[in-house]
Amino acid sequence: PRVLVQEEPSSWKSTLSADIYSALSRHYGPTEMDRQELIYALFTSEQAFVKSARRVVRMILLPLRARDSRAWLPGLPVDVARLFDWLEDIVNLHGAIAHALSTVTAIWQTGSIVQRLAGTLKGFVPQFEMYMPYLAKYEGVRDAVRWHAEQDGGEFGEYLRMREREREEGGWGLERLFEEPAVRLRGYLDIFQVR
């Protein structure tokens with residue numbers, strides 16, 4: 001049996017019938033159509049980031065926590081534990097953004113456009129402060145985790161190697177989770193620049 005994979009539409013325009021898109025384009029003009037495409041790109045990229053990042057958190061980070069607790073298991077290096085906390089907070093922030101975007105973009109299902117996005121996103125701006133310690137420390141901690149994964153003969157090193165062997169092909173590993181939040185921030189520069 002063949003498994004059919006339903007891919008996400010590649011553009012906002014492709015989610016609409018030709019008649020609806022044509023009517024919206026005539027009414028709002030090409031600048032607004034481009035804006036809707038940017039909103040769609042933000043929405044779908046945010047969803048994809050959260051989906052992949054949550055999978056890594058669930059598969060790698062959460063098993064390192066004490067049962068029913070936010071405390072990390074003994075033996076996890078303190079700097080690694082702190083970075084894991086920051087990463088989890090960042091993923092949760094993006095989950096909240098994705099949820100807010102989902103609510104705002106639901107209007108597309110009625111054949112309308114998203115008119116007010118800034119007010120929705122503005123509330124998240126102060127929360128991006130949580131990126132500061134992550135940005136300051138992630139490269140050094142990433143290198144330490146890489147050392148543990150490659151050379152540490154202890155439980156943490158073995159755990160990292162085991163999780164890497166179990167990783168789905170094409171799925172994110174821990175190293176990718178370390179890099180992606182910084183990549184995500186840089187991507188916002190492209191999305192939010194005035195054209």
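Please read these numbers as outputs of a predicted model, since none were measured by experiment. Position 1 is the first residue of the sequence; numbering continues from there.
Between Y40 and W108, the two ring planes are tilted [angle within 30° to 60°].
For the atom pair R54 CZ and W172 CH2, the distance stands at 12.0 Å (nearest 0.5 Å). A distance of 11.0 Å separates CZ in R82 from CG in L76, rounded to the nearest 0.5 Å.
Under a cut-off of 6.0 angstrom, the local environment of CD in E155 is sparse, with at most 12 non-hydrogen atoms contributed by other residues, nucleotides or ligands. At most 12 non-hydrogen atoms from other residues, nucleotides or ligands lie less than 6.0 angstrom from CD of Q109.
Contact detail for Y138 and L135: the closest heavy-atom pair is CD2-O, 3.8 Å.
No side-chain donor-acceptor contact under 3.5 Å links S22 to the backbone of D19. At distances below 3.5 Å, at least one donor-acceptor pair connects side-chain atoms of Q36 with backbone N or O atoms of V114. Listed for the S102 side chain is no donor-acceptor partner under 3.5 Å among the backbone atoms of A98. With hydrogens and angles disregarded, no donor-acceptor distance shorter than 3.5 Å links the side chain of S69 to the backbone of R65. Between the side chain of R163 and the backbone N or O of M59, at least one donor-acceptor pair lies under 3.5 Å.
Contacts of E129 classified as side chain to side chain donor-acceptor pair (under 3.5 Å), with partners at least two apart in sequence or in another chain: none.
Looking at T120 and R116, their side chains never bring a donor and an acceptor atom within 3.5 Å of each other. Looking only at atom types and distance, the side chain of S52 has no donor-acceptor partner in the side chain of R176 under 3.5 Å away.
No close placement of the W12 and F43 rings is indicated, their centers lying 6.0 Å or farther apart.
A single hydrophobic cluster is not seen to contain both F84 and L73; linkage of ILVMFWY side chains at heavy-atom distances under 4.5 Å, directly or through other members, places them apart. Following chains of ILVMFWY side-chain contacts shorter than 4.5 Å, one cannot reach W147 starting from L177, and the two form parts of different hydrophobic clusters.
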